[in-house]
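Structure first, commentary second.
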Amino acid sequence: MVSHFSPDLYSEEAIVATSVLSSSSSTAAMAPTADDLLSQVGHFLILLHGHILPRILLAYMLIYSVFILIKYRHTSISATPRSDLPGPKGHPLIGNTIEMAQRPPGSTHQRQMVFHKQYGKVFSLTVLGLGRVIHVREPQVVDHILRVNFWAYEKGGFFRETLRPIFGDGIFSADGQHWRWQRKAASKIFNVNWYRTYTSTVFRQESQLVINYFNKITDTSLTSMAKSSSAAHELSTPTSPLVDISVPISPVTSLREDRTLLDPASKVIDLQSIFYLFTLDSFGRIGFGESFGCLIDPEKEVPFAGAFDRLTANLSLRFNWPFWRLTDWWTGNDKKVAADTKTVYDFAYNIIHRRRALEEKTGVEGGGVMHDMSEGGDGETGAKRSGFLNNSGKDLMQLFMEATDEKGERLTDESLKDTLVNFLLAGRDTTAQALSWMFYLIHRSQTSKEVLIKLREEIDSVLQGGFPTYETIQAQKYTKACFFETLRLYPSVPQNIRCVLEDDILPGGIKVYKGEKVTWGIWGMGRDTDIWGPDAEEFRPERWLQGDKFPSTKFVSFHLGPRTCLGQQFAYIQAITVTSMLLQNFEFELVDPHNEPVYGTSLTLPMADGLPVRITRRRDGPFSREE
Ligand code: HEM
């Protein structure tokens, strides 16, 4: 035994062991005493225990490791690759974990596109923690997963646990009945009446705050601007007052990490930061009846926002890095994640506690908060007892505080916190990023100047110097086309994933098995020439006014099927409102018009370094081709 497995046959211990055994046999004839025998056996056992047994075990382990290495030479230990599908060869034991976790972060969707080019429309790989992942790209296949056979797929435990610090059990990570009742409850708020009246009013008021800030930067006083811009005349009328800054503003103190005003001398601002503040303020008022007041002083830090951004960045990295617990602990990142999670939760709980206080004061569930939904109403909140026959005057928080969950129970503060944080991500990040990419696209050097000219012509001719409303927005087809075209190339959710609940056959005959993950790159699909034609990489809003119509299964930026984005109308009404008002009043020049901004690390698609632009007041008169 020893000679077979010992890596060091002639070591001191081995020689001693042999001599012990041989001495015991050679001395047999001399009739050793019982004490001698006992002591020799004792020596032998000690030797075996101290040296030989571990060696045998070690040898077994080595052999087993070789066996495992051969067995998992191209795959992760948690799953074997699909022999019937192509895919990149993996590394022993960890499969394709390294490739998927490779830097630069925030570019998983780009790597996925490279693999698609190499392996075709469907490929599989294995990743530690995730198991076997099937990458798909055909619109019919994605439509099948999201709509046709919806119940055979779910977000699943992996998704939920990875993103728990941010989504908890909220709508984005919930499955089954828990998802269904949240969807039902939230759906009540997203209706035309709400868009036409309350939300449109808030969007205009918040856009005006952006304009006020830009006026300050461009050294144009509000009074002179109000005189010169016919769009601003609505501000002085009682039907559309500026936002009342006396409504409760959550405490926003200390210094911003990313400043909105990058260079006061040359009037360079980070437009992405401004859009984040705009969407946060708007959603605070619309969703929770809270005016965060970020746009009243955009230079002030919003601690919640910084923590939220870091958290989404950190959590997005966990998807492809199974060792995150270890590395987070090693680098101390776990403490940062915990601190950011606390900041985000505190922010949410503060809002909830204020509502609970109102509830107690009024004796009405949720505080009975209603918004003035009359045409041109000020949209401010108040604890008004219901005079409304439908839900359209309630905000999201009121709806959820009144609702009962799938078990018929009222929501706890923790569930309300989950709702709030989920909707903040949906309501703040996605639209702000889409707006940033749109302003980048329409102003970059590679885009035809005609796009901006047409956009301004439409805004000027439809609005006639007035404010955008729900009705004018329906007529602003080119502006809407620019927004959709932006989301085709820069989808706010660039990649998505589902867990297979039961064996299924995808269109084209590809089988997927229970427990596998299927993923699709929205970013890659938006640039696929097979889907969008040879000019797929071009920013050409006209495609939405000719052949391509929305909704369509090939445009998956807002998702498809029962879980399709609840806020898509909300998003484009908001985006068109602020775009129109900004382009009516200002000219923008990218600091770097030639290079694409670097993608930030997140669950969504931010620009890593924001969007630095120079702003100047737009010269009077309609935008002309000569200008
Ligand atoms: C440009 C803006 C937006 C884009 C591109 C976008 C995109 C998406 C996508 C891709 C999903 C599916 C996520 C998934 O299930 O994996 C989604 C879901 C959702 N979106 Fe949006 N979204 C946008 C804006 C908004 C806004 C402004 C709101 C709310 C005010 C919103 C509310 C939601 C909600 C509640 C869901 C979850 C639906 C469900 O699971 O049933 N979204 N969105």
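Start at 1 and go down the list; that is how both ligands and their atoms are numbered.
- Residue contact check: Ser492 has heavy atoms under 4.0 Å from atoms 1 (C), 5 (C) of ligand 1.
- Nearest to atom 22 (N) of ligand 1 among the protein's heavy atoms is Cys565 SG, 3.0 Å.
- By the 30° and 60° cut-offs, the orientation of the rings of Phe483 relative to Phe558 is tilted.
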Legend entry - Working for salt bridge (charged side-chain N to carboxylate O under 4.0 Å, His left out), residues Arg543 and Glu485: CA-CA 8 Å; Arg543 77 177 78 238; Glu485 183 67 346; 3.0 Å; yes
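- For ligand 1, the polar-atom distance check against Arg563 finds a nitrogen or oxygen pair separated by under 3.5 Å.
- Scanning Leu566, Thr419, Ile286, Leu560 for the heavy atom closest to atom 33 (C) of ligand 1 points to Leu566.
- Listed by number with element, the atoms of ligand 1 under 4.0 Å from a non-hydrogen atom of Arg498 are 14 (C), 15 (O), 16 (O).
- The aromatic ring centroids of Phe439 and Phe275 lie less than 6.0 Å from each other.
- Among protein heavy atoms, atom 15 (O) of ligand 1 sits closest to Lys155 NZ, 2.8 Å.
- What sits closest to atom 11 (C) of ligand 1 on the protein, heavy atoms only, is His559 CB, 4.0 Å.
- At a 4.0 Å heavy-atom cut-off, ligand 1 touches Arg183 through the side chain alone.
- Looking only at heavy atoms of the protein, atom 27 (C) of ligand 1 is closest to Phe570 CD2, 3.5 Å.
- Given atom 30 (C) of ligand 1, the protein heavy atom at minimum distance is Phe283 CE1, 3.2 Å.
- Looking only at protein heavy atoms, the nearest one to atom 24 (C) of ligand 1 is Thr430 OG1, 3.1 Å.
- Contact annotation for Tyr572 and ligand 1: no heavy atom of the residue comes within less than 4.0 Å of the ligand.
- For ligand 1, the atoms closer than 4.0 angstrom to any heavy atom of Phe190 are 29 (C), 30 (C).
- Ring centroid separation for the pair Phe159 and Trp179 does not come in under the 6.0 Å cut-off.
- Proximity to Ser557 (heavy-atom distance under 4.0 Å) selects the following atoms of ligand 1: 5 (C), 7 (C), 10 (C).
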Legend entry - Residues Asp309, Arg428; criterion salt bridge (charged side-chain N to carboxylate O under 4.0 Å, His left out); working and verdict: CA-CA 11 Å; Asp309 295 343; Arg428 181 185 89 118; 2.2 Å; yes
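- Atoms of ligand 1 lying under 4.0 Å from any heavy atom of Phe423, numbered from 1 in the order shown and given with element: 35 (C).
- Among protein heavy atoms, the minimum distance from atom 28 (C) of ligand 1 is reached at Gly567 CA, 3.6 Å.
- The closest side-chain heavy-atom distance from Tyr490 to Tyr599 is below 4.5 Å.
- Checking only distances, Asn496 does come within under 3.5 Å of ligand 1, N or O to N or O.
- Counting the atoms of ligand 1 from 1 in the order shown, those under 4.0 Å from a heavy atom of Trp179 are 39 (C), 40 (O), 41 (O).
- The six-membered or imidazole ring of His135 lies away from that of Phe115, with a centre-to-centre distance of 6.0 Å or more.
- Counting only heavy atoms of the protein, atom 32 (C) of ligand 1 lies nearest to Ala426 CB, 3.5 Å.
- Classification of Arg444 and Glu596 as a salt-bridged pair fails, no side-chain N sitting under 4.0 Å from a carboxylate O.
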Legend entry - Stepwise side chain to side chain contact (heavy atoms under 4.5 Å, CB included) test for Arg355 and Met401: CA-CA 9 Å; Arg355 267 304 173 89; Met401 286 179 90; 3.7 Å; yes
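- Ring centroids of Trp523 and Trp437 are separated by 6.0 Å or more, keeping the two rings apart.
- Centroid-to-centroid, the aromatic rings of Phe283 and Phe288 come within less than 6.0 Å.
- Enclosure of atom CD in Glu414 is not indicated, since only 12 or fewer non-hydrogen atoms of other residues, nucleotides or ligands lie within 6.0 angstrom.
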